[in-house]
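These numbers come from the heavy atoms of this one structure, side chains and all, not from hydrogens, waters or symmetry mates. In the text below, chain A, chain B and the rest are named by the order of the sequence lines, each starting its count at 1.
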Amino acid sequence: MRLSYPVHVRVIRVPCTGKVDLVHILRAFEKGADGVYLVGCMEGSCHYEQGNFRARKRVEQAQRLLEAVGTGGERVQMYNLTSGEAPKFAQYAREMSERILALGPNPAKLAAAAGQGQAAQGSGKKGVA
Amino acid sequence: MIVAKGKPLEEIIEAVKDSQSILVAGCNECVTVCEAGGSKEVGVLAAALRLYFQNQGRKVQVGEITLQRQCDREYVSQAREEVEPYSVVISLACGVGCQFMAEEYATLPVQPGVNTLFMGGALERGVWSERCQGCGNCLLALTGGICPVARCAKRLLNGPCGGSTGGKCEISKEVDCAWHLIIERLKALGRLEDYEKIIPLKDWSTDRAGGPRKVVKEEVRL
Amino acid sequence: MSAKTPSRLERVLAAGHKAVTSECGPPRGSDPEVILRKARLIREHVDAVNVTDNQTSVTRLCSLASCVHLKLAGLEPILQMVTRDRNRIALQSDILGAASFDIHNLLCLSGDHQSFGDCAQGQNVHDLDSMQLIQTARHMRDEGRFLGGEEILRPPKMFVGAAANPFADPFEIRVPRLAKKVAAGAEFIQTQCIFNLEKFELWLSQARERGLLEKVYILAGLTPLKSAGMAKYMKNRVPGMDVPEEVVKRISGVPKEGQAQEGISICVEAIERLKEAPGVAGFHIMAIEWEEKVPEIVERAGLFPRPALD
């Protein structure tokens with residue numbers, strides 16, 4: 001169909017939205033994303049039965065956490081469509097872009113730009129056995 | 001296992017917001033199983049805190065570590081190199097692990113990141129239920145294997161009280177009446193006549209009432 | 001059964017009279033006049049008066065002090081004690097305190113859970129349960145000793161009672177539970193409010209078959225309904241309460257201004273029926289914040305005047 005959608009949407013493909021964990025969403029914001037949305041199958045038609053329901057719960061949890069840290073919960077959304085609905089995919093991308101453009105950049109980037117200091121750095125995970 | 005529940009993020013932020021560097025420390029035992037303080041929860045909390053400080057425009061190092069057991073001096077002390085560079089530790093272990101961290105690192109502030117609730121088990125994914133209060137003098141043999149100390153809201157040893165309705169406790173329709181369960185169980189065991197045995201006054205000196213408790217097993221000491 | 005204590009209530013029962021007790025809830029403040037006013041309303045019509053112990057876990061003037069006020073005013077108090085708020089030290093101590101004022105009746109209860117009251121964030125104690133409090137009071141009286149084994153100088157002479165709810169679940173253990181309380185040492189029982197007379201009579205007959213009624217006096221608990229609303233509330237909202245649909249229908253079928261009178265009639269008719277039931281030793285009339293109606297109920301039920309004892 002060669003549908004166009006906003007260029008600043010970066011698609012990360014996963015086998016199922018159920019594969020997306022809470023920490024993945026948070027890390028995206030740490031790395032400077034302005035918004036994150038998940039596009040899953042229609043509810044009730046997950047190949048793995050529960051995947052997109054789990055994803056929805058994680059999106060809701062991410063919204064609560066992002067609200068608490070000052071990033072803003074509305075920067076994360078969940079959408080559902082069937083595999084044949086390419087126009088819907090493009091429509092969701094436009095919707096999300098418009099939402100994020102209205103919200104402005106990730107506040108962490110604004111804070112860094114304001115020169116009050118550098119953004120915090122993550123450190124490696126380490127397990128001690 | 002010991003069941004805990006993560007503290008609200010707002011409360012944790014309030015406790016550590018002025019810190020220079022923070023280590024989020026998980027535990028691989030009970031709190032991992034009850035999904036409150038394992039490496040996964042450590043990752044989420046650390047990421048959230050990093051975002052918070054980024055949004056404040058502050059450079060705060062937030063590190064992650066998950067110990068095999070925080071309730072074990074050996075494991076806790078082994079982590080010295082990773083722990084000591086930080087100015088505060090948020091322990092996602094139970095109250096025991098959190099205290100062992102504090103004891104080991106005497107000059108390092110240790111903040112609890114979870115509320116420790118009870119000894120219990122998983123009823124299903126995401127649902128945990130209390131079973132034991134560690135009274136130190138187990139009477140399960142008398143009550144068909146169901147503990148009235150842990151599961152009756154009034155810890156009645158000779159229940160049920162008059163508030164038991166339809167198998168539920170007077171405090172909530174969500175809570176089973178322990179004595180109803182005990183009676184059903186005694187019936188299933190063909191031991192309903194045991195219900196009429198009066199359980200005598202309990203010796204609570206082995207419970208919290210007797211002061212902090214300690215177990216010493218001489219034969220295994222080094 | 002012959003009287004073992006100086007309790008007036010016990011002596012009335014031992015003499016074979018149908019006893020009448022009622023209850024006074026202490027005020028949420030320190031004015032003794034509140035409890036004395038209630039007492040004056042009922043004093044000629046009852047043998048003894050229960051004083052509730054922070055009922056529904058709402059903090060009030062204490063049961064023991066209220067009992068002392070009643071005793072000094074010449075009434076016969078029944079000290080209610082719940083195991084929710086005091087450990088075994090405090091329970092024994094309060095029993096002695098009551099005995100020092102010659103308060104001779106004790107009703108042993110576990111108490112409503114604190115989550116119903118004004119201190120929902122408080123701890124509960126439950127060092128003992130109601131069964132064990134009965135045992136404790138009997139031990140102090142009969143052995144003249146503390147739980148710790150030491151001798152009590154001037155032991156308490158308490159007539160010891162307990163509550164029973166013939167309607168709570170599971171029904172099959174209701175009589176075994178009564179048997180357990182009797183075995184623990186309960187000498188009188190005051191029951192939960194009875195609206196379902198058939199179920200109560202069934203419970204009573206089962207208790208009789210087990211020979212319990214020769215060992216314990218059963219005082220049937222009755223509460224006059226003030227309105228259809230109260231009937232529905234008790235039916236649907238109060239744990240362990242059994243209000244049959246026909247009772248709700250009967251009071252709802254009367255115009256609002258006549259419902260209180262209908263409630264009293266239902267109560268009087270229940271007493272009249274239960275007076276004939278073998279094994280009912282008396283009546284415990286719980287007119288909740290409606291003490292002024294107790295005399296009317298007692299008189300209409302043919303329980304007045306109260307017996308005079310020497």
Asks: Measuring from Thr71(A):OG1 to Leu51(B):CG, what's the distance to the nearest 0.5 Å?
Replies: 4.5 Å
Asks: Does a sphere of radius 6.0 Å around CD in Glu85(A) hold more than 12 heavy atoms from other residues, nucleotides or ligands, not counting ones at 6.0 Å or beyond?
Replies: yes
Asks: How long is the gap from CZ on Arg50(B) to NZ on Lys31(A), to the nearest 0.5 Å?
Replies: 9.5 Å
Asks: For Ile25(A), which atoms come within 4.5 Å of any heavy atom of chain B: side chain, backbone, both, or neither?
Replies: neither
Asks: For the pair Glu67(A) and Glu10(B), evaluate side-chain contact (heavy atoms from CB on, under 4.5 Å) and give the outcome as yes or no after the intermediate values.
Replies: CA-CA 10 Å; Glu67(A) 202 55 46; Glu10(B) 291 83 352; over 6 Å; no
Asks: For Gln54(B) and Ala111(A), work out which heavy atoms get closest and say how close.
Replies: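 It is O-CB, 3.4 Å.
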Asks: Within a 6.0 Å radius of atom CZ on Arg73(B), are there more than 12 heavy atoms belonging to other residues, nucleotides or ligands?
Replies: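 Counting other residues, nucleotides and ligands, CZ of Arg73(B) stays at 12 neighbours or fewer.
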Asks: Closest heavy-atom contact between Leu26(A) and Ala48(B)?
Replies: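 Between these two residues, the closest heavy atoms are CD1-N, 4.1 Å.
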Asks: For Lys5(B), does the NZ atom sit with more than 12 other heavy atoms under 6.0 Å from it, leaving out its own atoms?
Replies: no
Asks: With chain B as the partner, which of Leu66(A), Asn106(A), Asp21(A), Leu110(A) has the greatest number of non-hydrogen pairs under 4.5 Å?
Replies: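 Highest number of heavy-atom pairs under 4.5 Å: Asp21(A).
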Asks: Can any side-chain N or O of Asn55(B) pair as donor or acceptor with the backbone N or O of Val69(A) at less than 3.5 Å?
Replies: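 Yes: the side chain of Asn55(B) pairs with the backbone of Val69(A).
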Asks: If you count the non-hydrogen atoms of other residues, nucleotides and ligands that lie under 6.0 Å from CZ in Arg80(B), is the total more than 12?
Replies: yes
